[in-house]
Amino acid sequence: MTKVKICGLKEPVHVHCAVNASADFVGFVFAPSKRQISIEKARELAKLVPNHVKKVGVFVNPTIEEVREAFENVPLDYVQYHGNEDPSFINQLGYPSIKAFSIRDKDDVEKASKFNVDYYLFDAPGTDYAGGSGKVFDWSLLDQLSIPREKVILAGGLNAANVNQAIATVQPFAVDVSSGVEQQGEKSCELIQSFIQAVKTSKRS
């Protein structure tokens with residue numbers, strides 16, 4: 001069954017919604033973004049997350065100290081690197097990891113083969129920030145992907161209306177959504193529930 005990550009959570013009510021709707025991962029954004037929260041706030045939200053739901057911290061070009069502080073104090077299950085981090089930086093930290101790649105062309109896809117991480121997240125290029133643009137990229141660019149599908153997380157402009165097509169086309173391990181479950185820039189419990197239901201009832205799932 002395709003897994004679901006609800007990213008950019010900021011409020012207890014939306015964490016409860018995601019957990020109760022059977023999200024598999026929840027994401028807390030520590031990078032500059034309209035969804036950015038502090039380590040202290042993430043720690044409070046993490047208390048609402050049961051052990052079977054994995055907590056992901058999203059960073060863009062962080063320092064080693066920033067990642068360590070968040071990973072240990074929230075605590076986190078995975079670190080998502082959404083910037084220009086190189087393989088040696090990720091390997092040096094040694095935490096369970098997700099590396100995000102902004103996809104414009106096949107060269108961007110091929111960059112993934114240089115990394116040894118737990119999951120590879122393929123996203124549309126950001127606009128104001130890295131990721132979270134609400135845009136869809138050309139999924140056919142992943143047709144010749146050398147990365148095993150069980151390590152692929154698909155993001156970028158997903159919502160309840162298009163996620164079934166995305167799953168059928170890409171066959172990812174998981175799908176990641178943020179803006180696709182928001183109204184007026186805020187998370188919506190109704191949209192979170194409908195997105196997760198769409199994924200869990202898709203033919204591949």
**OP:** Locate the shortest heavy-atom distance separating Ala166 from Pro172; write the atom from each residue and the value.
**Re:** O-CD, 4.3 Å

Original post:
Does a side-chain heavy-atom distance below 4.5 Å link Phe25 with Asp77?
Top reply: no

**OP:** Keeping the roles fixed (side chain from Lys99, backbone from Ala112), state whether a donor-acceptor pair exists under 3.5 Å.
**Re:** no

Original post:
If you draw a 6.0 Å radius around CG in Asn116, do more than 12 non-hydrogen atoms from other residues or ligands fall strictly inside?
Top reply: no

Subject >> Residue pair Ile103 / Trp139, side-chain heavy-atom distance below 4.5 Å >> reply: no

Original post:
Is the closest side-chain heavy-atom distance between Leu93 and Val79 below 4.5 Å?
Top reply: no

Subject >> Shortest non-hydrogen contact from Gly83 toward Val60 >> reply: CA-CG1, 3.9 Å

Subject >> Gap between atom OG of Ser179 and atom CG of Leu158 - 0.5 Å precision >> reply: 8.5 Å

Original post:
From Leu191 CG over to Gln193 CD, what is the distance, rounded to the nearest 0.5 angstrom?
Top reply: 9.5 Å

**OP:** Calculate, to the nearest 0.5 Å, the distance between atoms NE2 and OG belonging to His82 and Ser102 respectively.
**Re:** 5.0 Å

Original post:
Should we say atom CD of Glu40 is surrounded by more than 12 heavy atoms from elsewhere, each under 6.0 Å from it?
Top reply: yes

Original post:
Where do Asp118 and Pro96 come nearest, in terms of heavy atoms and distance?
Top reply: OD2-CA, 3.3 Å

Original post:
Okay, side chain of Lys114, backbone of Asp86: is any donor-acceptor separation there less than 3.5 Å?
Top reply: no

Original post:
Given side chains that start at C-beta, do those of Val67 and Leu76 come closer than 4.5 Å, heavy atoms only?
Top reply: no

Subject >> Separation of Lys3 NZ from Ser22 OG (nearest 0.5 Å) >> reply: 10.5 Å

**OP:** Hey, could you give me each pair passing ring-ring contact (aromatic ring centres under 6.0 Å, His included) that has a residue in residues 92-113? Not counting sequence neighbours.
**Re:** Phe71-Tyr95, Phe101-Phe115, Phe101-Phe122

**OP:** Taking the side chain as every heavy atom from C-beta outward, state whether Ser146 and Glu110 have any atom pair closer than 4.5 Å.
**Re:** no

Original post:
If you look only at pairs with a residue in residues 40-62, which of them pass as a ring-ring contact (aromatic ring centres under 6.0 Å, His included), with sequence neighbours excluded?
Top reply: Phe30-Phe59

Original post:
Got Val4 and Lys200 here, is their nearest side-chain heavy-atom distance under 4.5 Å?
Top reply: yes

**OP:** Applying side-chain contact (heavy atoms from CB on, under 4.5 Å), run through Val181 and His14 and close with a yes or a no.
**Re:** CA-CA 10 Å; Val181 291; His14 299 133; over 6 Å; no

Original post:
Just wondering, do Lys151 and Val117 contact through their side chains at under 4.5 Å, heavy atoms?
Top reply: no

Subject >> Shortest non-hydrogen contact between Val19 and Pro50, atoms and distance >> reply: CG1-CD, 3.6 Å

**OP:** Provide the closest heavy-atom pair for Ser140 versus Asp138 in the form atom of the first, atom of the second, distance.
**Re:** OG-OD1, 2.6 Å

Original post:
With distance as the sole test, does Gln144 use its side chain to make a donor-acceptor pair with the main-chain N or O of Leu141 at under 3.5 Å?
Top reply: no

**OP:** Determine the interplanar angle of the Tyr119 and Phe173 rings, folded into 0 to 90°, and report it as parallel if under 30°, tilted if 30 to 60°, perpendicular if over 60°.
**Re:** parallel

**OP:** Apply side chain to side chain contact (heavy atoms under 4.5 Å, CB included) to Asn159 and list each qualifying residue two or more places apart in sequence or on a separate chain.
**Re:** Ala161, Asn162

Subject >> Pairwise distance OG1(Thr2) to CD1(Ile153) - rounded to 0.5 angstrom >> reply: 12.0 Å

Original post:
Among the clusters formed by ILVMFWY side chains lying less than 4.5 Å apart, do Val53 and Val58 turn up in the same one?
Top reply: no

Subject >> Connected via hydrophobic side-chain network under 4.5 Å: Val29 and Leu48 >> reply: no

Subject >> Pairwise distance CG(Leu154) to CG(Leu121) - rounded to 0.5 angstrom >> reply: 8.0 Å

Subject >> Any Leu45 side-chain heavy atom under 4.5 Å of Ile37 side chain >> reply: yes

**OP:** May I ask you to decide if Asn73's main-chain N or O and Arg43's side chain share a donor-acceptor pair within less than 3.5 Å?
**Re:** yes

Original post:
Can you name the nearest heavy-atom pair linking Lys55 to Ala46, along with the distance?
Top reply: CD-CB, 3.5 Å

Original post:
Honestly curious: do Val175 and Leu9 fall in one hydrophobic cluster under the side-chain, below-4.5 Å linking rule?
Top reply: yes

Subject >> Residue pairs fulfilling salt bridge (Lys or Arg N to Asp or Glu O under 4.0 Å) with at least one residue in residues 174-186, sequence neighbours excluded >> reply: Lys5-Asp176, Arg35-Glu182, Glu182-Lys187

**OP:** Ignoring hydrogens and angles, tell me if any N or O in the side chain of Glu85 forms a donor-acceptor pair with the backbone of Asn61 under 3.5 Å.
**Re:** yes

Original post:
Should Phe89 and Asn84 be marked as a side-chain contact (heavy atoms from CB on, under 4.5 Å) after you check the CA-CA gap, both sets of side-chain angles, and the distance that decides it?
Top reply: CA-CA 10 Å; Phe89 180 84; Asn84 300 316; over 6 Å; no

Original post:
Looking at residues at least two apart in the chain, or sitting in another chain, which of them share a salt bridge (Lys or Arg N to Asp or Glu O under 4.0 Å) with Asp108?
Top reply: Lys111

Original post:
Are Phe28 and Val177 connected in the hydrophobic side-chain network, where two residues link if heavy atoms are under 4.5 Å apart?
Top reply: yes

**OP:** Can you tell me which residue pairs pass the disulfide (SG to SG under 2.5 Å) test with a partner in residues 7-82, sequence neighbours excluded?
**Re:** Cys17-Cys189

